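I have placed the structure first, in the form of structure tokens, so that the comments after it can refer back to it.
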Amino acid sequence: MLKAKKILFIAQEITPYVPDTHISKLGREVAEATQGRNREIRTFMPKWGIINERRNQLHEVIRLSGINIIIDETDHPLIIKVASIPTARMQVYFIDNDDYFNKRKMSTNDKGQEYPDNAERAIFYARGVLETVKKLKWVPDVIHCQGWMSALIPLYIRSAYADEPAFRDVRVVFTPSEEVLHDPLPDNFANIMQFRKIGIEAMEGVPTDEGMQALNYLGIKYADGVSLMQANAAFRAYAKKFEKPYLGVQKSENYATVYPAFYDKVWGIGRVENEEEEEE
């Protein structure tokens, strides 16, 4: 079987940097388990305002920072930070920006209200990660996107970044988030989403009447494979509509075998087996 040897994890949350949830544990444990199967990995997450930089020993990577990402005709400086999880021997890159993350929580504020620019934050995160991977000159075989915050990555890979050498042959797995965001998409979403080849037609068939949940459906639509961490019938039915490889809910003790095998399955779509490929 073809082996996906380089896996890029674009997570929404990773423990221990944020509180334990199903998706933060998934972000940590799947990456750690995959690395333990002799795969080369890179891992990204947002630099949420709740993350204590001193305690977690984050530091800025000057050579990767400094890009301006334009969203809705406004420049937003990209700041890249990095830290390590010593017990996992795993390095994590953080996407940061003063407008979107500094002194702000995750999806909601202190009063439990969703941030009105959450969709913009997701766009900034997606483009920030992809631009940073280009600078790293590292070419992944498979990208695993986790959560609504990473939901635009599959779309960008299939359109705006389709001709980039780093992403031209990549396969993308998407895991929708279990968190339900109730706010509607912003009125200007069609405008702020557009970039290079991406137009409003990208949203065709996506249930926009479900508000911010549309981001999860967008991720499913453009991914090559879908994994779920909860038994969400609507997400599964939507993935089935596109006949995508699908991985159901798994126990964490199975991650080390199940997820690498799923990456191999998705990586092999449309590829010809190379008889000389090395076994792990």
Side-chain angles (χ1 to χ4, degrees), residues 10-14 17-19 21 23-24 27 44-51 53 58 60 65-81 93-132 145-157 159-161 174 176-196 198-200 202-203 206-222:
I10 305 177
Q12 179 172 299
E13 306 167 30
I14 297 174
Y17 299 111
V18 298
T21 62
I23 197 167
S24 69
F44 284 80
M45 72 172 287
K47 214 299 293 184
W48 303 111
I50 63 172
I51 297 173
E53 293 193 34
L58 273 68
E60 185 175 352
S65 301
I67 298 173
N68 278 352
I69 293 178
I70 301 173
I71 301 176
D72 199 22
E73 300 183 355
T74 300
D75 282 359
H76 300 277
L78 174 63
I79 302 168
I80 308 299
K81 295 176 180 176
Y93 291 96
F94 296 84
I95 298 294
D96 198 5
N97 171 266
D98 290 343
D99 298 325
Y100 292 131
F101 301 110
N102 188 31
K103 297 182 180 178
R104 300 172 66 182
K105 291 194 169 183
M106 296 167 71
S107 59
T108 60
N109 61 22
D110 289 328
K111 298 179 180 179
Q113 300 167 327
E114 294 174 26
Y115 291 109
D117 62 352
N118 273 340
E120 280 192 41
R121 299 168 88 199
I123 291 170
F124 179 85
Y125 180 55
R127 289 175 53 189
V129 170
L130 296 179
E131 291 296 335
T132 304
C145 307
Q146 302 159 21
W148 65 266
M149 193 68 176
S150 70
L152 285 131
I153 295 282
L155 169 61
Y156 283 127
I157 291 293
S159 53
Y161 289 82
F174 178 66
S177 63
E178 59 184 352
E179 177 185 22
V180 178
L181 299 182
H182 299 281
D183 282 2
L185 286 170
D187 293 338
N188 66 339
F189 183 70
N191 291 327
I192 63 176
M193 181 188 68
Q194 293 183 54
F195 176 61
R196 293 182 181 172
I198 300 175
I200 58 174
M203 296 296 291
V206 175
T208 54
D209 57 330
E210 294 194 31
M212 285 288 292
Q213 282 294 88
L215 295 184
N216 283 312
Y217 288 104
L218 188 69
I220 292 171
K221 177 181 178 180
Y222 288 98

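Quick caveat, the model's predicted, so the values are computed rather than measured. The chain is numbered in sequence order, starting from 1.
- In terms of the salt bridge (charged side-chain N to carboxylate O under 4.0 Å, His left out) criterion, residue partners of D110 (sequence neighbours excluded) are, by chain and number, K105.
- Between F195 atom CZ and I69 atom CD1 the span is 8.0 Å, to the nearest 0.5 Å.
- Atom OG1 in T132 sits 3.0 Å away from atom CD1 in I80 (nearest 0.5 Å).
- Among pairs with a residue in residues 100-127, those fulfilling ring pair (Phe, Tyr, Trp, His ring centres under 6.0 Å) read W48-F101, H76-Y100, Y100-F124, at least two apart in sequence or across chains.
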> After noting the C-alpha distance and the side-chain angles of E60 and S65, does the key distance pass the side chain to side chain donor-acceptor pair (under 3.5 Å) rule?
Replying inline: CA-CA 8 Å; E60 185 175 352; S65 301; 3.2 Å; yes
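- Taken to the nearest 0.5 Å, the CD atom of Q213 stands 8.5 Å off from the CD atom of E179.
- In this structure the side chain of E13 never reaches within 4.5 angstrom of the side chain of M149, judged on heavy atoms.
- Every residue two or more places apart in sequence or in another chain that forms a side-chain hydrogen bond (donor to acceptor under 3.5 Å, both in side chains) with S24 is listed here: T21.
- Note that the CD1 atom of I14 and the CD atom of Q146 stand 7.5 Å from one another [nearest 0.5 Å].
- Taking both residues in full, the closest heavy atoms of S159 and I198 are given as OG-CG1, 3.0 Å, listed atom of the first, atom of the second, then distance.
- Taking both residues in full, the closest heavy atoms of Y17 and L58 are given as CE2-CD1, 4.5 Å, listed atom of the first, atom of the second, then distance.
- Judged by distance alone, with hydrogens and angles left aside, the side-chain atoms of K221 form a donor-acceptor pair with the main-chain N or O of A202 at under 3.5 Å.
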>> Let's go through M106 and Q12 carefully: what are the C-alpha distance in whole Å and the side-chain angles of both, what is the deciding distance for side chain to side chain contact (heavy atoms under 4.5 Å, CB included) to 0.1 Å, and is it a yes or a no?
In response: CA-CA 9 Å; M106 296 167 71; Q12 179 172 299; 5.7 Å; no
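- Distance CE/M45 to CZ/F94: 5.5 Å, rounded to 0.5 Å.
- For residues 112-129, the set of pairs meeting the salt bridge (charged side-chain N to carboxylate O under 4.0 Å, His left out) definition, not counting sequence neighbours, comprises R104-D117.
- Of all heavy-atom pairs spanning N118 and W148, the tightest one is O-CZ3, 3.6 Å.
- For residues 66-75, the set of pairs meeting the side chain to side chain donor-acceptor pair (under 3.5 Å) definition, not counting sequence neighbours, comprises D72-N188.
- Minimum interatomic distance between V206 and A214 (heavy atoms only, all atoms of both residues): CG1-O, 3.5 Å.
- Across all non-hydrogen atoms, the minimal contact from A151 to F174 is CA-CE1, 3.6 Å.
- Put simply, the side chain of S150 never gets that close to the backbone of A11: no donor and acceptor are under 3.5 Å apart.
- To the nearest 0.5 Å, atoms CG (L215) and CG (L181) are separated by 8.0 Å.
- When atom types are taken as modelled, the side chain of D98 and the backbone of N102 share no donor-acceptor pair closer than 3.5 angstrom.
- At distances below 3.5 Å, at least one donor-acceptor pair connects side-chain atoms of N97 with backbone N or O atoms of P77.
- Considering only heavy atoms from C-beta on, R196 comes within 4.5 Å of Y161 through its side chain.
- Minimum heavy-atom separation, G211 to L185: O-CG, 3.6 Å.
- M193 has its side chain within reach of L155: a pair of non-hydrogen atoms, C-beta onward, lies under 4.5 Å apart.
- Of the possible polar contacts, none joining the D183 side chain to the M212 backbone as a donor-acceptor pair under 3.5 Å is found.
- Side-chain contact between V18 and I51: present, with at least one pair of heavy atoms (C-beta onward) separated by less than 4.5 Å.
- Formation of a donor-acceptor pair under 3.5 Å by the N216 side chain with backbone atoms of P176 is not found in this model.
- Here the side chains of I95 and F44 are in contact, with some heavy-atom distance below 4.5 Å.
- Listed by chain and number, the residues in a side-chain hydrogen bond (donor to acceptor under 3.5 Å, both in side chains) with E178 are H22 (sequence neighbours excluded).
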